[in-house]
Structures are given as C-alpha cells and as structure tokens.
Amino acid sequence: MNNFQYYNPVRIVFGEDQIKQLSDLVPTDARVLITYGGGSAQRTGTLDEVKDALSANGNREVFEFGGIEPNPEFVTLLKAADMVNEHNIDFLLAVGGGSVIDGSKFVALVASMTEEDGTVSREQAWDALTSYCKNIDSAVDLGAVLTIPATGSEMNSGGVVNYSERQAKLPFGNPLAFPKFSILDPTKTLTLPERQVMNGVADAFVHVMEQYLTYPVNAKVQDAFAESLLKILIEEGLVVKNNPKNMETRKNIMWTATMALNGLIGSGVPQDWTTHMIGHELTSLHAIDHARTLTIVLPSVMRELKDNKKDKLLQYARNVWNITDTDLDDDAIIETAIAYTENFFRELGLPVSLDDVELDASAIDPIIKQLDAHKMVKLGEYGTNGLEVSRRILQRAVSSKAS
Ligand code: NZQ
Ligand code: ZN
C-alpha cells in the first residue's frame, strides 16, 4: 500500500425526512443562496421542503438561483457567482445532483474573483478552471441536498464544469469545496426517471473501477471495499431496474454511490481515470450523458490495457464475477469478465459502444484533438498512455461486435 493522507470533513445526514435538519445545519443568521437545476427540485416539492426548513428558526435571508444545467455550464455558474456578490451570500445550498453540487462548488471558489464593476471575471474564472482550481485559498461555505445518487460530489471536493463555447469539460478539485454537510434522503430518488437511476448506478460503478483496476499494491482494505461496492451495484442495479419502488435498494444505491467517490477506496492505491477523461470529451462534443460515455469507453479500456492491468483484471474476475473455471486460461478469464461487465451495462439499458449512440469512427479524430488541447496526453496509472493509446481505445469502442 502506498503512503496516504485521508481527510474528509463532510457531515452526512442520511435517511428519510432529514431535510428538516437544515434548520440546525445552516447557520441561523446566514444569507443563503439555494442553487438548483432545471426544475425537478420545484416539481418534486423538494425546494419547498428546503425553504420550510430554512425558515423554521433563526433569521436567515434566502435567495434562489435555478437553471443549472446537467453538465453545468461555466457561463450560467458565473451568473450565480454574481448573485453571491450582489446579495452578500455567505452560504450556498445546492439542491440537486452532481451537476448542481459541482456547479455550486465552482461558484463558491470563484465568487471572490471580481472585476472593478463587481462582476466575476470570466478570464480569471477560466484561468482558475484550467488550473483545476488548485490555487484558490478562499471559498463560500457550501451544503448539499442530494437528489440523485451517482457522482459522489456530495462527499468529495471535486467537480466538473462544462464550457460549451470552448468545447471544454474540465475537472477541478480543492479542499475548500468539500460541502460542510450533505443530506441524503433516499426517498428523493423515487422521482428520478429510469434513465437517471441507471446512469447513477453506472457512474458509481466506473468510479470504483477507476480506483481499483490498475496494479496490485496489496491494499487489502481498499480492494475488498471496492469489490463489495461493485457487487452491491451489480445486485441492486438489477433490482432497481425491475422494482424501482424498493426503498431498501434505493438506500443501498445511494450510500454506495457516495462511498464510491469519497476518497476512501482511492487512498494509498494507484488510480487510472482514462475512462472519465475520454468520456468528458464525448459529453462535450456530443452531449452524451456522463455515465453513458463511461459505459461506452470502459470495456475498451479494459481490453486495450489488459496487459498493464492483468493481475487486477484476474482479481476482478474472481472476486466480483466469481469466475473460477479452471479450464479457462488468463486471457479467457479476462475476456469473460469484460463480457459480463458489458452485459451488466446492457441490462441497465446503457450503451457499450459508439455505434450504440449513433457515432462511428469519424468521431475519433475530434476527440483525440480535444484530449490533446486539454493536456490529457499522459493518462493511466503509470502516466504513460499518450494519444495513440486513447485512439486505440476509441477504435475498439466503435462497435461492440468488433471488440
Ligand atoms: O436539472 P433538474 O431539473 O434538476 O433535473 C436533473 C437532471 O436533468 C434530474 N434530477 C436530479 N434529481 C432528480 C431529477 N429528476 C427527478 N427527480 C430527482 N430527484 O436528473 C438529471 C441529471 O442530473 P445531474 O445532476 O446532471 O446528474 P448527475 O448527478 O449524474 O451529475 C452529472 C455531473 O456530475 C459530474 C459529471 O461530469 C456531470 O457533469 N461528475 C462529478 C463528479 C464529482 N464531483 O466527483 C464525478 C463524476 O465522475 C462526474 O464526472
Ligand atoms: Zn463519473
């Protein structure tokens, strides 16, 4: 196991009917900006519940900013940051999924980058994003009410922002972006369309894989934990598909998705975020849902990089899929595990190749160009996978039949 520091200050408040805890969690004299997405928080009544809890005690002043898109847009977020300054906001409350929480983290980090006229500087904020928001040393306090289990944003300090005009979807991370708390009420997930539920299961699955599928460093806790999370997602993903009202399943999916990306299983182990980095370009160029880009790319990453990842692939086959057939050689075991993974994604109704989303080989060149522009040229657990490797991964992903 490698050396590591593990730090996670996020208070998790989990369970049904817990939104009312906001009255204790948000300072009673705060000037609060509630941020939310395209309307689901209003339609489902969650926004009203949040406002009721905030007005239950104290003398908070509450403002609202709606309209944060899935894959939150840089330009929209700067408008929210302007509102922070205009109303002297000292607490951001994100109500939604990864997009709203990520977007609000970015707002919290860039709100102080103002021009002389008091508006947030587009260029400074862009510079901050292209340097992953690493060097920012102040931020507005932030809390979250999670409405879709998927990204883990509720318990980590990272985010992803999309800037359509510049065809860039870029990740950032800063310890100041850890939410002070996140409320996880699994009943809030019952209003999600099936597509979003399945996306969430797949996103969490791939988060685990990116921290697990590298090379062994004898990190027994992290490995066993990761394998358990994968098995829970496989089991509960199929249950929720067939029985969406099952509350026990909803609870387990919600907590699993949080645990998948709160830093725990990634501590002290090598990581490989290739699938996500290629996936971000697919979202930015073709507006494909984040999770769907991952299910398209991951099987090809596993195949293309199977020599580097051989030991972990065999461990994955054995411990997650229970492939113990002694007649199979290593290659056959690995291919079986990849095929099972693809089949799992398909059972959730997710694409596993570019042709599943009506793209063909002509999509590859623009993606490679964008990876180059975004300096994604040394990917993988060894930091040695250049653009030619990403190209081969994408070529394998053109058609699931050809892989
Ligand atoms: O916008 P509204 O109207 O709220 O609708 C949303 C949106 O259309 C809807 N929704 C959310 N909760 C709902 C609901 N509809 C009905 N009932 C509810 N309870 O679901 C749609 C998707 O929401 P979004 O927030 O975009 O989904 P998700 O949580 O999957 O977030 C995806 C974003 O997170 C980033 C992705 O790149 C993407 O931009 N990620 C963030 C990470 C992180 N912070 O660590 C890691 C991930 O790898 C990921 O990259
Ligand atoms: Zn993800």
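Both ligands and their constituent atoms are indexed starting at 1 by order of listing.
- Nearest to atom 46 (C) of ligand 1 by heavy atom, out of Thr151, Thr293, Asn71, is Thr151.
- Among Ala94, Ala260, Gly98, the residue whose heavy atom sits closest to atom 28 (P) of ligand 1 is Gly98.
- Within the 4.0 Å heavy-atom cutoff, Glu69 does not count among the residues contacting ligand 1.
- Salt-bridge formation is detected for the pair Arg303/Glu335: a Lys NZ or Arg NE/NH1/NH2 atom is positioned less than 4.0 Å from an Asp or Glu carboxylate oxygen.
- In this structure, Lys169 does not pair ionically with Glu281, as no charged nitrogen and carboxylate oxygen lie closer than 4.0 Å.
- With the Zn ion (ligand 2) as the vertex, atom NE2 of His290 and atom OD1 of Asp203 span an angle of 90° (nearest 10 degrees).
- With the Zn ion (ligand 2) as the vertex, NE2 of His207 and NE2 of His276 span 90° to the nearest 10°.
- Residue Ala41 has no N or O atom closer than 3.5 Å to an N or O atom of ligand 1.
- The six-membered or imidazole ring of His280 lies away from that of His374, with a centre-to-centre distance of 6.0 Å or more.
- A salt bridge is defined here as a Lys NZ or Arg NE, NH1 or NH2 lying under 4.0 Å from an Asp or Glu carboxylate O, and Glu49 with Lys188 meets this definition.
- Of the candidates Ser40, Gly96, Gly39, Ser40 brings a heavy atom nearest to atom 15 (N) of ligand 1.
- At a threshold of 4.0 Å, the pair Asp29-Arg60 does not count as salt-bridged, since none of the basic side-chain nitrogens sits closer than that to a carboxylate oxygen.
- In this structure, Asp52 does not pair ionically with Lys20, as no charged nitrogen and carboxylate oxygen lie closer than 4.0 Å.
- Looking at ligand 1, you'll find an N or O of His276 within less than 3.5 Å of one of its N or O atoms.
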